[in-house]
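The figures here come from the full heavy-atom set of this structure, side chains too, leaving out hydrogens, waters and symmetry mates. Note that ligands are numbered from 1 as they come in the structure, with each ligand's atoms numbered from 1 the same way.
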Amino acid sequence: MKKKIALTGIKPTGIPHLGNYLGAIKPAIELTKNYDALYFIADYHAVNSIRDAKILREMIYEVAATWLACGLDPEKTVLYQQSAIPETFELSTFLMAFTPKGLMNRAHAYKAMVQKNTLNKKDVDDGVNIGLFTYPILMAADILQFDSDVVPVGGDQAQHLEMAIDIAQSINHNYGTELLKIPQPLIRKNTGIVTGLDGRKMSKSYDNTIPLFLPPKKLRKLIMKIVTNSQTIDEPKNPDECNVFALYKLFADENQISEMRQKYEAGGMGWGHAKQELFELINAHLSPYRDKYNELMQNKNYIDKILEDGSVRAREIVVQKMKFIRQNIGLFSK
Ligand code: TRP
């Protein structure tokens, strides 16, 4: 039987951190075992915010190298670049004809801008470009062009998926046939949130992240900055209220976890020591990925080749789909 299709987009906007790795990258790579996966670099989405050609180019390499280093197998999973498939933008234009402006008015990202402008007594649309406004439509095209079955995303993208479904349904309704497959959202639960350096959720907006591929010395320095309480070495400590332990648990096996728990509860272990153990654990886990990442970043021609291959494979599917759509909406007879 043919496997179902999983599709997701990755915005090239900065080096991923441990939270991205555990929360998004690892589960998405797991999913490729059971699905025909198409994962792409959403570079035209990124142009809405990254307007420096050199920076964008570099970020595209960085995310591609990250996913490859973390275990994405480009033979099995199609890794492609959004901009390499012109038909996506054609489909997006078609979808626009069926997208009420009011639907886009309700999109979170746009609404947040309007609210901020109102608060600052500026024109409501100050700094809003049409690319931001129509962002959910391009995203719908990304999804619908492959007849995707599941779309794994974080909770912040749930509304965009609902919009894609709405648009597809109104098109199917209009033509009286299933022109577009209705995808299923696969929303990541917020369980297992990764703790950041300050104890809040690890997030770029809190500036509390641990980037994935720091050299060991820098990684160690950052881990030493994790916020702890002021208990002395001798005091017994509560692992369940500790930011160091919260991270330790994510990488350790059961034996390591229970040993560490005992060291906390027995007293006699200082924070410096706990952090050193955390560093060693994370470093051992990430070293092979870091080496692979650095090797890939030294070999950009290879990354180009992977993305080109993936884009050719992905485009073949989309070209067929667009042909089908054009015929069914009365544009071409053949
Ligand atoms: N909007 C997504 C994000 O910001 C990226 C994205 C673009 C995407 N197109 C997509 C995700 C299609 C899933 C499916 O993370």
Inset, instruction - Would you indicate whether I233, at its atom CD1, is surrounded by more than 12 heavy atoms from other residues, nucleotides or ligands within a distance under 6.0 Å? - result: no

Legend entry - Residue, atom name and distance, where the atom is the protein heavy atom closest to atom 1 (N) of ligand 1: Y135 OH, 2.6 Å

Legend entry - Lys/Arg cation over aromatic Y61: K300, 6.0 Å, 45° cone: yes

Inset, instruction - For ligand 1, indicate whether the residue D156 contacts it via side chain, backbone, both or neither (heavy-atom separation under 4.0 Å). - result: neither

Report, one line per pair, each donor and acceptor closer than 3.5 Å where one atom sits in a side chain of residues 163-173; sequence neighbours left out.
from, atom 1, to, atom 2, distance (Å)
S170, OG, I167, O, 3.1
N172, OD1, L179, N, 2.9
N172, OD1, L180, N, 2.9
N172, ND2, L180, O, 2.8

Inset, instruction - Take atom NZ of K4 as the centre, draw a 6.0 Å sphere, and report whether it contains more than 12 heavy atoms from other residues, nucleotides or ligands. - result: no

Inset, instruction - Specify the protein heavy atom at minimum distance from atom 13 (C) of ligand 1: its residue, its atom name, and the distance to 0.1 Å. - result: G9 N, 3.4 Å

Legend entry - Enumerated ligand 1 atoms positioned under 4.0 Å from heavy atoms of V153: 11 (C), 13 (C)

Inset, instruction - May I ask which of H45, M139, Q157, Q82 has a heavy atom nearer to atom 3 (C) of ligand 1 than the others do? - result: Q157

Legend entry - Y289 ring center near F213 ring center (under 6.0 Å): no

Legend entry - atom 9 (N) of ligand 1 - nearest protein heavy atom and its distance: D142 OD2, 2.8 Å

Legend entry - Any donor-acceptor N/O pair, Q327 side chain to F332 backbone, under 3.5 Å: no

Inset, instruction - Record the part of F40 in heavy-atom contact with ligand 1 below 4.0 Å; permitted values are side chain, backbone, both and neither. - result: side chain

Inset, instruction - Give the contacting part of L161 toward ligand 1: side chain, backbone, both or neither, where contact means a heavy-atom distance below 4.0 Å. - result: neither

